[in-house]
Each structure stands twice: as structure tokens, then as C-alpha cells.
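Structure first, commentary second.
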Amino acid sequence: MAQQNTFDIVSQIDHAEVVNAVNQALKEVQTRFDFKGSKSDIELEGHEAIVLTSDDEYKLKSLNDILQTKLVKRGVPLKGLTYGRVESALGGTVRQRIALQQGIPQEKAKEIVKYIKDKKLKKVQAAIQADQVRVSSPSKDELQETMRALREHDFGVALQFGNYR
């Protein structure tokens with residue numbers, strides 16, 4: 001029997017990079033003229049979310065732009081962020097919760113498996129394993145072709161490939 005080669009498709013956000021990006025964004029907010037005297041803040045809710053708070057929706061949007069810029073510079077994929085709705089908060093401020101995605105959601109995993117099967121690559125098999133997808137094939141060339149096809153297609157989530165053997 002031929003040896004099976006595999007790789008895993010995951011969607012992870014490096015929490016350390018998120019912390020660094022939030023700290024950089026907060027430093028920039030403290031020094032920017034348009035945020036002087038405002039109640040703008042960026043908080044982390046553990047590993048699950050980021051909460052933006054500001055005086056009004058315009059400043060909240062500016063705060064979000066600053067945060068996104070810092071996240072991109074630190075290599076954090078913006079597809080891994082899920083934005084909640086803007087809510088009223090205490091003291092006449094507005095708040096927005098941004099969930100950090102860890103793992104591939106079940107419906108996206110099914111979409112990825114279906115996409116791989118629709119490509120009709122010989123002997124390539126995909127299986128959902130919890131919050132990741134494992135792809136296996138006897139041919140490394142087929143696996144690399146699968147990776148290329150997955151990179152070209154937009155699934156709406158940030159995909160990383162790991163555990164390649």
C-alpha cells in the first residue's frame with residue numbers, strides 16, 4: 001500500500017500578535033489629535049473577542065481602521081474577525097464587539113470538503129476533524145495542487161495549511 005501524505009487546513013489567529021496590535025493601536029489613539037478628550041478604548045475579552053468603545057460611530061469607525069491597520073501589519077488575517085453590531089453603551093458612547101475566529105466553522109468545513117471533491121483530483125480525500133480539515137493523498141503533487149486551488153478560492157475564512165507530511 002502506498003504511503004498516505006496529509007496536511008491540515010486550519011483557521012487560527014495568533015493571540016500574541018492580536019495583543020501586540022491592540023497595544024500599538026492604543027498608543028496611536030492616545031497620541032492622535034482627533035481622539036484627544038474622547039472616551040475611545042480597545043479592550044481584549046480573553047482569546048475570544050476585541051471590544052471597541054468610542055464617543056460616536058464616526059470615531060468608532062476611525063478606531064476600527066487604526067486597529068485593522070495594526071492587525072494587518074502584524075500579519076493577522078482580517079477574515080478571522082467577525083464584527084458585531086454597533087450598540088449604545090454607558091455615558092453616551094457606542095460599542096462594537098469583534099469576535100476572533102479560532103477554527104473552521106462546521107458549514108465552512110463542509111464547503112471546503114465539497115470544493116475539494118468537486119475538483120476531481122485523483123485519490124485526494126478530505127475529512128472534517130473537529131474545527132479543521134485533513135486532506136490526504138498518496139501523491140504529494142496532488143496535495144500541492146489542492147493547496148493551490150484552495151488558496152485561489154475565497155471561502156470567507158482565513159485558511160492556513162499545516163502539519164504537512
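In this text, all values refer to a predicted model and were calculated from it rather than measured experimentally.
Side chain of Glu111 to main chain of Val113: no donor-acceptor pair is present (N/O by atom type, distance under 3.5 Å, no hydrogens or angles). With hydrogens and angles ignored, the 3.5 Å screen pairs no side-chain donor or acceptor of Glu17 with any backbone N or O of Leu71.
Looking only at atom types and distance, the side chain of Ser137 has no donor-acceptor partner in the side chain of Ser139 under 3.5 Å away. Judged by distance alone, the side chains of Ser136 and Thr6 never bring a donor and an acceptor atom under 3.5 Å apart.
Val19 and Val51 are not part of a single hydrophobic cluster, where members link through side-chain heavy atoms under 4.5 Å apart. Residues Val157 and Leu81 do not share a hydrophobic cluster, clusters being chains of Ile/Leu/Val/Met/Phe/Trp/Tyr side chains in contact below 4.5 Å. Val10 and Val76 fall into different hydrophobic clusters, where Ile, Leu, Val, Met, Phe, Trp and Tyr side chains are chained together by heavy-atom contacts under 4.5 Å. A continuous path of Ile, Leu, Val, Met, Phe, Trp and Tyr side chains, each step under 4.5 Å between heavy atoms, connects Val22 with Leu78, placing both in one hydrophobic cluster.
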Exercise for the section: Please step through side-chain contact (heavy atoms from CB on, under 4.5 Å) for the pair Ile66 and Val29, ending with a clear verdict. Expected result: CA-CA 8 Å; Ile66 293 168; Val29 167; 4.0 Å; yes
Practice task
Check step by step if salt bridge (charged side-chain N to carboxylate O under 4.0 Å, His left out) holds for Glu152 and Arg148.
Solution key: CA-CA 6 Å; Glu152 290 174 357; Arg148 187 193 58 73; 2.6 Å; yes
Exercise for the section: Might you work through the side-chain contact (heavy atoms from CB on, under 4.5 Å) test for Ile128 and Lys110, ending with a clear yes or no? Expected result: CA-CA 8 Å; Ile128 299 172; Lys110 288 178 183 175; 3.8 Å; yes
Practice task
Please step through side-chain hydrogen bond (donor to acceptor under 3.5 Å, both in side chains) for the pair Ser11 and Gln101, ending with a clear verdict.
Solution key: CA-CA 7 Å; Ser11 182; Gln101 179 180 322; 3.1 Å; yes
Exercise for the section: Determine, stepwise, if the pair Glu142 / Lys123 fulfils side-chain contact (heavy atoms from CB on, under 4.5 Å). Expected result: CA-CA 8 Å; Glu142 294 283 337; Lys123 299 178 186 168; over 6 Å; no
Exercise for the section: Evaluate the criterion side-chain contact (heavy atoms from CB on, under 4.5 Å) for residue pair Gln30 and Phe35; output intermediate values, then yes/no. Expected result: CA-CA 7 Å; Gln30 291 167 355; Phe35 283 102; over 6 Å; no
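If you run side chain to side chain contact (heavy atoms under 4.5 Å, CB included) between Arg95 and each of Thr53, Leu60, Asp41, Leu52, only Thr53 comes through.
Salt bridge status for Asp55 with Lys39: absent, with no side-chain N to carboxylate O gap under 4.0 Å. A salt bridge links Arg32 with Glu28: at least one charged nitrogen is closer than 4.0 Å to a carboxylate oxygen. Salt bridge annotation for Glu87-Arg97: absent, with no cationic side-chain nitrogen under 4.0 angstrom from a carboxylate oxygen. At a threshold of 4.0 Å, the pair Arg74-Asp14 does not count as salt-bridged, since none of the basic side-chain nitrogens sits closer than that to a carboxylate oxygen.
Contact between Gln102 and Ile13 at its shortest, heavy atoms only, is NE2-O, 3.0 Å. For the pair Pro138 and Asn5, the tightest heavy-atom approach, listed with the atom from each and the gap, is O-ND2, 2.9 Å. For Ala130 against Gln106, the heavy-atom pair with the smallest separation is O-OE1, 3.9 Å. A pairwise comparison of heavy atoms in Gly84 and Gln96 identifies O-NE2, 2.9 Å as the closest pair. Between Lys79 and Asp154, the shortest heavy-atom contact is NZ-OD1, 2.7 Å. Looking at every heavy atom in both residues, Ile104 comes nearest to Gln132 through CD1-CA, 4.3 Å.
One finds the CD1 atom of Ile112 at 7.0 Å from the CG atom of Leu150 (value rounded to the nearest 0.5 Å). Rounding to the nearest 0.5 angstrom, the gap separating the CD atom in Glu57 from the CG atom in Leu63 is 13.0 Å. Distance CG/Leu67 to CD1/Ile50: 5.0 Å, rounded to 0.5 Å. One finds the CD1 atom of Ile98 at 11.0 Å from the CD atom of Glu45 (value rounded to the nearest 0.5 Å). The line from NE2 of His15 to CG of Asn20 is 10.0 Å long, rounded to the nearest 0.5 Å. Distance OG/Ser40 to NZ/Lys59: 6.0 Å, rounded to 0.5 Å.
Classified by interplanar angle (parallel below 30°, tilted 30° to 60°, perpendicular above 60°), the ring pair Phe161/Phe7 is perpendicular. Taking the six-membered ring where tryptophan is involved, the planes of Tyr115 and Phe155 are perpendicular, since the angle between them exceeds 60° and thus also 30°.
Residue-environment remark: CG (Leu90) stays at or below the threshold of 12 foreign heavy atoms within 6.0 Å. Within a 6.0 Å sphere centred on OH of Tyr58, heavy atoms belonging to other residues, nucleotides or ligands number 12 at most.
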